[in-house]
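See below for the structure under consideration.
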Amino acid sequence: QVQLVESGGGLVQAGGSLRLSCAASGRTASNYHMGWFRQAPGKEREFVAFINWSGGVAYYADSVKGRFTASRDNAKNMAYLQMNSLKPEDTAVYYCAVYSGSSAYYDLRSYVYWGQGTQVTVSS
């Protein structure tokens, strides 16, 4: 069992930045690949970013590529999502999750443990 807690969300103006954190506890979280997803009101949860266990490999949704950066600090059992040049369409609840490997990294069904989410609101 892995417990995940996201933090760092908030209200920011368009063009601004936020850094989300994901604190992991329980089974050795540093052994797991991690993903970031988001869900806007009335929309399905969508893939944002993936980072492998070492932090050496990351993939991004086209909508955030070049603006968001995923990273992790395994010594601290932390994962991060640096979000720059934020847009109003980035407004959503953001979740971190542990990847099970059962399917594609961008498929939310491949993730077994989820945090409670943190709200990000970008004003125009």
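Starting from 1, each residue takes its place in the sequence as its number. The figures that follow rest on heavy atoms only: side chains count, while hydrogens, waters and symmetry mates do not.
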Quick one: pull up CE in Met34 and OG in Ser71 and give me the separation to the nearest 0.5 Å.
->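 Atom-to-atom, Met34:CE and Ser71:OG are 11.5 Å apart.
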Tyr60 versus Ala70, closest heavy-atom pair with distance |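 What the structure gives for the nearest pair is OH-N, 2.8 Å.
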Lys65 bridged to Asp62 by N-O distance under 4.0 Å | yes
Say whether [X] and [Y] are linked into one hydrophobic cluster, either directly or through other cluster members, by side-chain heavy-atom distances under 4.5 angstrom.
X: Val5; Y: Met78; value: no
X: Leu108; Y: Tyr95; value: yes
X: Tyr105; Y: Trp114; value: yes
X: Tyr99; Y: Val2; value: no
X: Val112; Y: Leu4; value: yes

With the side chain counted from C-beta on, respond yes when [X] and [Y] share a heavy-atom pair under 4.5 Å apart, and no when they do not.
X: Phe68; Y: Asp90; value: yes
X: Tyr80; Y: Asp73; value: yes
X: Asp107; Y: Phe47; value: no
X: Thr121; Y: Gln119; value: yes

Is it the case that the side chain of [X] and the backbone of [Y] share a donor-acceptor pair, with hydrogens and angles ignored and the cut-off at 3.5 Å?
X: Asn74; Y: Asn77; result: no
X: Arg109; Y: Ser102; result: no
X: Glu6; Y: Thr118; result: no
X: His33; Y: Ile51; result: no
X: Ser110; Y: Ala104; result: yes

So Phe50 and Tyr59, would you call those rings parallel, tilted or perpendicular, with 30° and 60° as cut-offs?
->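 It falls in the parallel class, under 30°.
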Enumerate donor-acceptor pairs with a distance under 3.5 Å from any side-chain N or O in residues 9-23 to protein atoms, sequence neighbours excluded.
unit_1 : atom_1 : unit_2 : atom_2 : d
Ser17  : OG     : Asn84  : OD1    : 2.9

Please identify each residue that fulfils ring-ring contact (aromatic ring centres under 6.0 Å, His included) with Tyr113, with sequence neighbours left out.
->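 By the ring-ring contact (aromatic ring centres under 6.0 Å, His included) rule, Tyr113 matches no residue at all.
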Candidate list Glu89, Lys87, Arg38, test side-chain contact (heavy atoms from CB on, under 4.5 Å), partner Ser63, passing option = Arg38
Taking it one step at a time, do Phe37 and Tyr111 satisfy ring pair (Phe, Tyr, Trp, His ring centres under 6.0 Å)?
-> CA-CA 10 Å; Phe37 288 76; Tyr111 293 80; 4.9 Å; yes
Residue Tyr106 excluded, over 12 heavy atoms near OH under 6.0 Å =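 Incorrect, the count does not exceed 12.
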